[in-house]
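All residue numbers refer to positions in the sequence shown, counting from 1.
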Amino acid sequence: MVHSTDSKGNFGQMMDCPMLISTIISSAARHHPQCQIVSKSGEGDIHRYSTQDLQLRAKKLAQSLQKLNLQQGSRVATLAWNGYRHLEIYYGVSGSGLVCHTINPRLFSDQIAYIIQHAQDEVVFFDMSFLSLIETLAPLCPSVKYWVCLIHPSHQPQSSLTLLNYEEFIAAENGQYEWPLLDERSASSLCYTSGTTGNPKGALYSHRSTVMHSYATALPDSLCLSAMDIIMPVVPMFHVNAWGLPYSALVVGAQLVFPGSKLDGQSLYELIESEKVTLSAGVPTVWAGVLQHMKTHDLRFTNFKRVLIGGSACPPAMMQTFAQYGVEVIHAWGMTELSPIGTVARLRATDVYKTAVEQEKILQKQGRVIFGVDMKIVDDQHQELPHDGVAFGDLYVRGPWVIDQYYKALDHALVGGWFPTGDVANIDAEGNMQITDRSKDVIKSGGEWISSIDIENIASGHPEVMMAACIAIAHPKWDERPLLVIEKKPNHQLSDQELKAQLLKYFEGKIAKWWTPDDVVFVEKIPLTATGKMQKLKLREQFKDYQLPTI
């Protein structure tokens, strides 16, 4: 690195140490050597080892990849669940100067093939549960030279493809490898978002942005991570790098627990209890299954204290249920383009003197920015709106872990130096931000906006509602009106008509009367996106010809 010799004292005289992902694993192995990483493996057992073991195997992987003659910046992809081998790829690939490209296996195969070819991935590591998908993808992905199976050789089945085995791939190496001294602005990892129009778009992160995001998310007023924590990322490692937890956990020396492919309520609850997990993270739909399992079997938590919920708004009823179990919900907001965390809902010292109801309202918002992120709301003319908790507009953000442009895009993604998130929000005088809708989901009735999220949050509080989605239906007089789509809990007692009558009455006094949905419909399952969010586009298509009752 270049060091300044400025004699006038214009520059500080501090070490110029680049912020690299390899420094995270090196620090963890050196200063937290016995910190445990626990995984439910693809072989079906519980695997345990230390951060020292992790670094040794990540270095062996780096040596093996070096022999493939890949160039710095070459993309190496994964189609894998949360586990120790996937973690080794995170560090071995990025640490060696390659780009770790995590792919969501829940996408349609043609979308995955498009993503692989757009990224020009040369190596793909995959879990055995995706073998049939790999056999479908291989003919469609000529850029891929090597398909590597993440399993012990004794568990690898026969395939028509020529496959490498991960354990055999790294076995011949000794781990005597020095992490290269890279430019901290070098590309480190690549995630594609399906939350955009058209084909998925790539967000290419740098070492610098990843390390800074890890620092910021560990702060007390952020996720408050420490070496006292045992952290279980339920959010998949293919979903925006598990919200950065595989990095930030090692930054602070926290233990990690990986659940593998079993994300049902019973499996997650049992792992939380057996491994004494203190903090976990995932989307609301996952936690609905855990809470339902606990209610059915009259269970409690022992060590579990905090749960990070994002991806979509956490229903207030879910926050209240967790509180009854002694678990604090940390409500956060972000997106792939933000690496992903931008805001976290936390109380201030002055909030201590507010009533419990007032505190709940603050914590139900998406929260304040973590240091490094700036945000504002603007109107249709891109003019900034006041932070008064009343005005709402398009949410714009900027910061050192916010993208400048999409991968291989010719134009910038920014508007006047700010990234338009596609969310509609308000910000109060104390800086608390609340998402009121996605710009594509907002309901415009008689020239006024209705927040579908507010309606969904209220409906989700009914004891017989598993999930609620509010969508816009065309209306001859009001342009659009809200339709409430309900998925009932498995043990529901009420008929559709009885629950519909209760729900319509349920809104009284909670929202403006004209916000009340014009009708309620019931579906067996509300469709979800590949990241566990409600797929409102599909619902709008399903009910596009629905005739609302005449009022």
About how many Å separate [atom2] of [Y] and [atom1] of [X], when rounded to the nearest 0.5 Å?
X      : Y      : atom1 : atom2 : value
Leu256 : Ser39  : CG    : OG    : 8.5 Å
Ile370 : Leu223 : CD1   : CG    : 7.5 Å
His475 : Leu483 : NE2   : CG    : 12.0 Å
Tyr325 : Arg300 : OH    : CZ    : 6.5 Å

Please name the pair of heavy atoms, one in [X] and one in [Y], separated by the smallest distance, quoted to 0.1 Å.
X      : Y      : result
Asn426 : Ile377 : CA-CD1, 4.1 Å
His293 : Tyr269 : CD2-CB, 4.0 Å
Leu308 : Ala332 : CD1-CB, 3.5 Å
Pro105 : Leu133 : O-CD2, 4.1 Å

Within 45° cone and under 6.0 Å: Lys40 NZ/CZ vs Phe258 ring: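 Geometry flag: not set, cation outside 6.0 Å or 45°.
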Row check, Tyr506 ring normal vs Lys510 NZ/CZ: under 6.0 Å, within 45°: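 Yes, Lys510 sits over the ring of Tyr506.
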Pair [X] and [Y], ring centroids less than 6.0 Å apart:
X      : Y      : value
Tyr192 : His101 : yes
Trp81  : Phe130 : yes
Tyr90  : Tyr247 : yes

Lys538 atom NZ, neighbour heavy-atom count above 12 within 6.0 Å: no
Tyr215 atom OH, over 12 foreign heavy atoms within 6.0 Å: no
Salt bridge (charged side-chain N to carboxylate O under 4.0 Å, His left out) assessment of Glu328 paired with Arg346: CA-CA 11 Å; Glu328 175 195 4; Arg346 289 292 198 183; 2.6 Å; yes
Salt bridge present between Asp441 and Arg540 (N-O < 4.0 angstrom):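 Yes.
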Derivation and outcome, side-chain hydrogen bond (donor to acceptor under 3.5 Å, both in side chains), residues Glu498 and Ser495: CA-CA 5 Å; Glu498 290 171 329; Ser495 68; 3.3 Å; yes
Result of checking Arg368, Lys361, Lys354 against Glu430 for salt bridge (Lys or Arg N to Asp or Glu O under 4.0 Å): Lys354
